[in-house]
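Computation of the quantities below employed the complete heavy-atom set of this structure, encompassing side-chain atoms and omitting hydrogens, waters and symmetry-equivalent molecules.
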Amino acid sequence: MPRGELTTAVEYDVPVHVAFAYLADPRNRPEWQSSLRAVEVLDGGPPRVGMRWRDLTSARIVPDMMITELENDVLWAETGAWKAIEADLTLGFSPRDGGCTVSAAFGVRARGLLRPLGWAATGAGLLAVRGDLRNAARILASRSS
C-alpha cells in the first residue's frame, strides 16, 4: 500500500467479472457514486489504461480523471486531479463463495499550504468510497436476483 493511502473492503453478491465490468467503466459512476451528477468521457471505447474523463460533481468541482491500471477481473486504478489536489483510487477484485470482495485503497495528496487538507480528505474520502462501493454492491445484487 502506497504511503498515505487508507484501505477498506466490501463484499459483493455477484461474480468478480460482473463487479469488475460495472466498477471499471467510468460511464456507470453517476449511478453508484453519490457525489457525481454526470461523467464527461473524453476518450471513447471500452475502459483501458489511459482512458480519460471528467467527474461533474454535486459540489461543482470538475476533476480530470484517468485510468492508470487495469487488469481484467483483478485490478483497476484511477487518478484524479483538480487544482493543487490529486487523488488515487485502486480497486482489487477477489472471488469468494457466493460472489467477490472488492478491496479499495484511497489517498489524497495536496501541494503546498493545502498539504494538511490531503491528509484529512483521505480519511473523509475513504468513508465516501466505502459508502459508494456498498451502493454499487446493492445495485448489482438487485439486478442479479
Side-chain angles (χ1 to χ4, degrees), residues 1-111 114 117-119 121-145:
M1 174 178 74
R3 191 176 142 199
E5 288 190 343
L6 299 176
T7 62
T8 190
V10 176
E11 293 189 351
Y12 282 62
D13 294 331
V14 296
V16 166
H17 71 276
V18 173
F20 184 89
Y22 185 68
L23 294 172
D25 191 337
R27 292 167 282 233
N28 294 326
R29 307 261 308 250
E31 184 175 38
W32 59 269
Q33 187 174 334
S34 61
S35 65
L36 289 185
R37 291 181 301 137
V39 166
E40 178 188 350
V41 176
L42 302 175
D43 300 318
R48 66 196 174 286
V49 171
M51 181 180 192
R52 298 171 304 127
W53 71 96
R54 287 191 183 106
D55 280 347
L56 307 175
T57 70
S58 302
R60 303 201 187 279
I61 295 169
V62 183
D64 292 318
M65 309 295 294
M66 183 173 64
I67 296 174
T68 56
E69 294 182 68
L70 188 147
E71 185 179 344
N72 282 332
D73 300 343
V74 177
L75 179 73
W76 180 89
E78 70 178 25
T79 192
W82 181 73
K83 298 190 179 193
I85 299 171
E86 294 181 349
D88 297 305
L89 174 65
T90 301
L91 301 178
F93 298 79
S94 55
R96 65 168 179 75
D97 286 342
C100 67
T101 301
V102 177
S103 302
F106 178 75
V108 177
R109 296 177 311 285
R111 293 186 297 278
L114 295 177
L117 176 65
W119 302 326
T122 294
L126 184 68
L127 292 174
V129 166
R130 182 169 176 77
D132 290 339
L133 290 175
R134 285 179 171 169
N135 189 36
R138 283 190 295 274
I139 290 167
L140 292 177
S142 73
R143 290 180 181 169
S144 69
S145 49

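Side-chain contact between V41 and R54: absent, with no pair of heavy atoms (C-beta onward) separated by less than 4.5 Å. Taking 4.5 Å as the limit, some side-chain heavy atom of F93 sits within range of a side-chain heavy atom of V102.
One N or O on the side chain of T122 and one on the backbone of V108 form a donor-acceptor pair closer than 3.5 Å. In this structure a side-chain-to-backbone donor-acceptor pair under 3.5 Å is present from Y12 to L133. With hydrogens and angles ignored, the 3.5 Å screen pairs no side-chain donor or acceptor of D55 with any backbone N or O of T57. The backbone N or O of D43 lies less than 3.5 Å from no partner atom in the side chain of R52, so there is not a single donor-acceptor pair. The backbone N or O of M65 sits nowhere less than 3.5 Å from a side-chain atom of W53 that would complete a donor-acceptor pair. Looking only at distances, a side-chain donor or acceptor of N28 sits under 3.5 Å from a matching main-chain atom of Y22. Without hydrogens or angle criteria, N135 side chain to W32 main chain gives a donor-acceptor distance under 3.5 Å. R48 places no side-chain N or O within 3.5 Å of a backbone atom of I67 that could act as its donor or acceptor partner. With T7 contributing its side chain and A105 its backbone, the two residues share no donor-acceptor pair below 3.5 Å.
Heavy atoms only, all atoms of each residue included: P26 and V39 are closest at O-CG2, 3.5 Å. Of all heavy-atom pairs between L114 and A84, the closest is CD1-CB, 4.0 Å. The two residues P47 and R27 make their nearest non-hydrogen contact at CD-NH2, 3.8 Å. Summarising the geometry of A136 relative to L23, their closest heavy-atom pair is CB-CD2, 3.7 Å, with the distance given to 0.1 Å.
How far CZ of R37 is from CD of E40: 11.5 Å, rounded to the nearest 0.5 Å. Atoms CG and CZ, on D132 and R130 in that order, are 12.0 Å from each other to the nearest 0.5 Å. Distance check, rounded to the nearest 0.5 Å: CG of D97 to CD of E11 gives 10.5 Å. Atoms OG and CG, from S103 and L75 in turn, are 10.5 Å apart once rounded to the nearest 0.5 Å. Taken to the nearest 0.5 Å, the SG atom of C100 stands 11.0 Å off from the CZ atom of F20.
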Q. What's the verdict on side chain to side chain contact (heavy atoms under 4.5 Å, CB included) for F106 and L6, showing C-alpha distance, side-chain angles and the deciding distance?
A. CA-CA 5 Å; F106 178 75; L6 299 176; 5.8 Å; no

**Q.** Evaluation steps, side chain to side chain contact (heavy atoms under 4.5 Å, CB included), between V10 and T101
**A.** CA-CA 6 Å; V10 176; T101 301; over 6 Å; no

Q: Would you please test L36 and L56 for side chain to side chain contact (heavy atoms under 4.5 Å, CB included) and show each step?
A: CA-CA 6 Å; L36 289 185; L56 307 175; 5.9 Å; no

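For R96 and D13, the salt-bridge test passes: some basic side-chain N is under 4.0 Å from an acidic carboxylate O. E78 has a carboxylate O that lies under 4.0 Å from a charged side-chain N of R29, or vice versa, which qualifies the two as a salt bridge. Comment: R138 does not engage E31 in a salt bridge, judged by the lack of any side-chain N to carboxylate O separation of less than 4.0 angstrom.
Exactly one of L70, D25, V49, T90 qualifies for a side-chain contact (heavy atoms from CB on, under 4.5 Å) with W76. That residue is L70.
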